[in-house]
Amino acid sequence: MSVRTRIAPSPTGDPHVGTAYVALVNYLFAKKHGGQFLLRIEDTDRARSTPESERAILEALEWLGLSWDEGPDVGGPHGPYRQSERLPFYTRYAGELLAAGHAFKCFCTPERLEAVRVEQRQASRPPGYDGHCLTVSPAEAAALEAAGVSHVVRLKVPREGSVTIDDMLRGPIVFEWSTVDMQVLVKSDGWPTYHLANVVDDHLMGITHVMRGEEWISSAPKHALLYEYFGWPMPKLCHLPLLRNADKSKLSKRKNPTGILFYRRMGYLPEALLNFLALLAVPPIDGEEVMDLPTMVGAFGVEHISLGGPVFDTTKLDWLNGRYLREKLDDAAFEARVREWALRDGYLERILPLARSRIERLSDLGQLLAHFFSGRLDVDPEKLREGKLDNETLRRAFVIAGALFDALPEWTVPSIEASIRRVAEITGAKLRDVVRPFYVAITGSAQSVPLFDSMQILGRDLVRERLRIALERLGGATSKEQEAWKKGL
RNA sequence: GGCCCUAUCGUCUAGUGGCCUAGGACGCCGCCCUCUCACGGCGGUAACACGGGUUCGACUCCCGUUGGGGCUACCA
């Protein structure tokens with residue numbers, strides 16, 4: 001049977017470099033063994049999934065050059081490849097589980113579940129569902145449903161004994177069943193959770209090797225149980241170490257730019273970023289760290305992946321990117337790349353209208369638009385303080401704005417404007433006074449092209465990064481301050 | 001708190017019992033090249049978390065401690 005791997009991102013935000021890393025490993029493994037690599041969109045969270053995010057994910061992976069053999073855009077023999085289009089499968093298999101007595105309907109309220117959790121925690125017992133609805137008879141269940149009481153479907157988990165998970169990198173991992181929760185498989189809205197959808201789809205799509213982030217280790221027993229209940233062969237499992245912040249915590253956008261597209265906006269070449277990620281899984285041949293995709297496929301081996309979570313430190317990426325720029329491109333190719341970077345998707349057409357009324361000579365454009373062609377800005381803290389806000393209010397404003405921006409479902413000019421107006425409200429300052437330091441932080445100057453449009457065009461990631469730098473220049477904010485300032489947002 | 005994963009220079013790593021007085025790369029420092037700056041060349045700085053075992057011999061195997069991380073949702 002041929003090797004089949006997949007990357008299964010959830011379209012709930014900006015495509016993450018961690019996704020790129022996991023995708024790369026899955027890609028390399030599949031290609032190394034002459035198999036297929038698929039892309040599946042896991043959008044069973046109907047509230048948070050967005051089409052924009054899905055589009056961005058495809059664009060980001062395409063940009064990196066990781067092409068998939070089957071996926072929502074290219075189709076394939078095991079489609080559809082978008083979970084929101086596969087509901088009948090999940091309903092059917094959940095029904096099978098229910099009929100066989102491997103799952104049960106649960107009518108508990110969130111309040112009751114929360115109370116159980118609190119109690120378990122206090123008693124130092126493993127948290128999890130207490131089995132309350134296990135004893136509900138079919139007749140009772142039918143009555144409750146008829147009365148319109150909403151329910152979920154939970155997985156029945158043995159209360160005794162243990163299970164051994166075999167990880168390709170870590171060997172056997174033993175779990176006591178008593179520590180495994182009776183997970184929800186079908187939510188009250190009728191949609192499956194990750195656990196059910198993932199197992200059903202991996203089986204139906206013929207996935208042979210599941211390579212995913214380390215964060216999934218603790219749910220592996222539930223998945224193993226599902227495969228057993230269904231009588232399906234279990235794919236090989238391989239849990240990859242998580243990319244980390246400098247402080248070793250799981251890579252997060254609060255501490256680091258994490259968006260793949262941010263790195264494109266910053267002017268990294270896709271092959272350099274890919275190469276940088278590959279260094280975590282492919283040993284350099286004869287000490288040469290610059291590798292193209294085919295070379296990576298040849299040299300790749302899961303046994304080369306170090307289990308210690310690597311810090312995503314882009315210093316080396318800078319060096320690698322420099323080498324690609326000066327060694328791998330001739331003058332014509334370099335020029336083409338610059339053009340592509342600077343002018344893609346009608347970039348000029350979007351920014352020129354902002355500048356037109358503000359210039360007298362075309363040569364004024366250079367200064368006025370420089371920040372659209374820059375990455376991080378070296379802002380002068382004195383310029384940030386020139387307005388009417390004191391240092392504390394400034395820092396508060398940046399922190400609050402950052403939190404509001406992160407919470408926006410859509411990155412549009414009106415939503416950005418609303419956020420900034422909100423900051424003015426909260427800090428009790430005039431909008432014009434609040435806006436000024438943002439001009440400095442984002443565009444580098446208090447006299448510039450319109451702020452909200454600039455932010456929208458630059459993208460959320462780069463805006464977050466420039467705000468982060470500005471905040472740092474003002475002395476930063478302790479986590480306590482941040483917590484206090486964000487309270488009640 | 002509970003369960004699980006993990007531990008070599010600041011960072012990414014090589015190392016699978018003797019080849020290790022631990023190798024490479026990035027960063028940093030110094031020197032050279034040079035109209036500046038880069039690039040490039042040369043050199044330097046710097047690590048096996050700790051404690052027990054196993055063994056003739058442990059960076060490598062086992063146990064413990066400590067540190068780090070993940071999970072602990074009707075999110076994935």
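Each chain gets a letter, A, B and so on, in the order its sequence line appears, and its residues count up from 1.
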Please pick, from B:rG27, B:rU72, B:rC71, the nucleotide with the shortest atom-to-atom distance to any side-chain atom of A:W319.
B:rG27
A:F37 versus A:L28: any side-chain heavy-atom pair under 4.5 Å?
no
Indicate yes or no: at least one non-hydrogen side-chain atom of A:E214 is less than 4.5 angstrom from one of A:L307.
no
Examine A:F262 together with A:Y268 and report whether their ring centres are nearer than 6.0 Å.
no
With C1' as the reference atom in both, quote the distance from B:rC59 to B:rU8 in angstrom, rounded to an integer.
7 Å
Which part of the nucleic acid, if any, lies within reach of A:F276 when heavy atoms closer than 4.0 Å are counted: base, sugar-phosphate only, or nothing?
nothing
Considering heavy-atom distances to RNA chain B, does A:G287 or A:E176 have its closest nucleotide positioned more toward the 5' end?
A:E176
Using the C1' atom as the reference point in each nucleotide, state the distance between B:rA38 and B:rG69 in Å, no decimals.
39 Å
Within the pair A:R323 and B:rA38, is there a side-chain N or O less than 4.0 Å away from OP1 or OP2?
no
Distance, C1' atom - from B:rC50 to B:rA25, rounded to whole angstrom
29 Å
Integer-rounded Å distance: B:rC3 P and A:K222 NZ
16 Å
Please tell me if A:K187 has a side-chain N or O lying less than 4.0 Å from either OP1 or OP2 of B:rA73.
no
Can you check whether A:R48 has a side-chain N or O nearer than 4.0 Å to OP1 or OP2 of B:rA76?
no
Between B:rC42 and B:rC33, how far is it from one P atom to the other, in whole Å?
15 Å
Suppose we call two aromatic rings close when their centres sit under 6.0 Å apart. Are A:F29 and A:H209 close by that rule?
yes
Decide ring pair (Phe, Tyr, Trp, His ring centres under 6.0 Å) for A:F104 and A:H151; before the verdict, give the C-alpha distance in whole Å, the side-chain angles of both, and the deciding distance to 0.1 Å.
CA-CA 10 Å; A:F104 61 97; A:H151 72 278; over 10 Å; no
A:L237 has an atom CG; how far is it from atom C1' of B:rC4, in whole Å?
14 Å
If you check every side-chain atom of A:R170, which of B:rU6, B:rA25, B:rA14 has the closest atom?
B:rU6
B:rC75 phosphate, OP1 or OP2, under 4.0 Å from A:S49 side-chain N/O
no
Between P of B:rC28 and CG of A:D313, the distance in whole Å:
11 Å
Determine the interatomic distance between P on B:rU6 and the same-named atom on B:rC62; round to the nearest Å.
11 Å
Please give the nucleotide sitting opposite B:rC74 as a Watson-Crick or G-U wobble pair, both distances under 3.5 Å, or none.
none
Give none if B:rA25 has no partner; otherwise give the nucleotide forming a Watson-Crick or G-U wobble pair with it, both distances under 3.5 Å.
B:rU11
So what does A:P221 touch, heavy atoms closer than 4.0 Å: a base, only the sugar-phosphate, or nothing?
nothing
Please give the distance between the C1' atoms of B:rC20 and B:rC29 as a whole number of Å.
26 Å
Testing B:rA76, B:rA25, B:rC26 for proximity to the side chain of A:T315, the answer is B:rC26
Give a yes or no on whether the backbone of A:R46 and the side-chain of A:S49 come within a donor-acceptor separation of less than 3.5 Å.
no
Give none if B:rG51 has no partner; otherwise give the nucleotide forming a Watson-Crick or G-U wobble pair with it, both distances under 3.5 Å.
B:rC63
Report the nucleotide, chosen from B:rG70, B:rC12, B:rU11, that has the shortest atom-to-atom distance to any side-chain atom of A:L279.
B:rC12
Closest nucleotide among B:rU11, B:rU13, B:rC26 to the A:V311 side chain
B:rU11
Do NZ/NE/NH1/NH2 and the carboxylate oxygens of A:K487 and A:E483 come within less than 4.0 Å?
no
Integer angstrom distance from the C1' of B:rG10 to that of B:rU45
11 Å
Check every strand shown and say whether A:V174 touches a base, only sugar-phosphate, or nothing at a heavy-atom separation below 4.0 Å.
sugar-phosphate
Write down the distance separating the C1' atoms in B:rA22 and B:rG17, rounded off to the nearest Å.
15 Å
Can you find an N or O donor on one side and an acceptor on the other, under 3.5 Å apart, linking the side chain of A:S188 with the base of B:rC74?
yes
Nucleotide of B:rC74, B:rU11, B:rC12 approaching A:V184 most closely (side-chain heavy atoms)
B:rC74
Quick check: A:Y93 with A:H102 (ring centres under 6.0 Å apart)?
no
Nearest of B:rA76, B:rC5, B:rC3 to any side-chain atom of A:Y194?
B:rA76
May I have the distance from A:M291 (atom CE) to B:rU13 (atom P), rounded to whole angstrom?
12 Å
Most 5' of A:D43 and A:H304 on RNA chain B, judged by nearest nucleotide:
A:H304
Using the rule side chain to side chain contact (heavy atoms under 4.5 Å, CB included), only one of A:L66, A:L280, A:L61, A:T19 pairs with A:L24; which is it?
A:L66
Whole angstrom is fine here: how far is it from CZ in A:F334 over to C1' in B:rC39?
13 Å
Is it true that A:K250 and A:E215 have a side-chain N and a carboxylate O under 4.0 angstrom from each other?
yes
Output field: ring centroids A:W411/A:F405 closer than 6.0 Å:
yes
As its Watson-Crick or G-U partner within any shown strand, both distances under 3.5 Å, B:rU36 has none
Once you round it to whole Å, what is the distance between C1' of B:rC75 and CG of A:D189?
12 Å
Would you tabulate the pairs of protein nitrogen or oxygen atoms and nucleotide nitrogen or oxygen atoms of nucleotides 66-69 of chain B closer than 3.5 angstrom?
unit_1, atom_1, unit_2, atom_2, d
B:rG69, O4', A:R244, NH1, 3.4

Students often get this wrong, so: under 4.0 angstrom with heavy atoms, is A:W216 touching a base, only sugar-phosphate, or nothing?
base
Nucleotide nearest A:P127 (side chain, heavy atoms from C-beta), chosen from B:rC5, B:rG2, B:rC12
B:rG2
Opposite nucleotide pairing with B:rC31, Watson-Crick or G-U, both atom distances under 3.5 Å
B:rG41
Under 4.0 Å, counting only non-hydrogen atoms across every strand here, what does A:L320 touch: a base, just sugar-phosphate, or nothing?
nothing
Starting the side chain at C-beta, find the nucleotide from B:rA76, B:rG40, B:rC12 nearest to A:P310.
B:rC12
Do any side-chain nitrogens or oxygens of A:T44 fall under 4.0 Å of OP1 or OP2 in B:rA76?
yes
A:M168 CE to B:rC5 C1', straight-line distance once rounded to whole Å
17 Å
It should be established whether A:R154 places a side-chain nitrogen or oxygen under 4.0 Å from OP1 or OP2 of nucleotide B:rC74.
yes
Spacing between A:I217 atom CD1 and B:rG70 atom P, to the nearest angstrom
12 Å
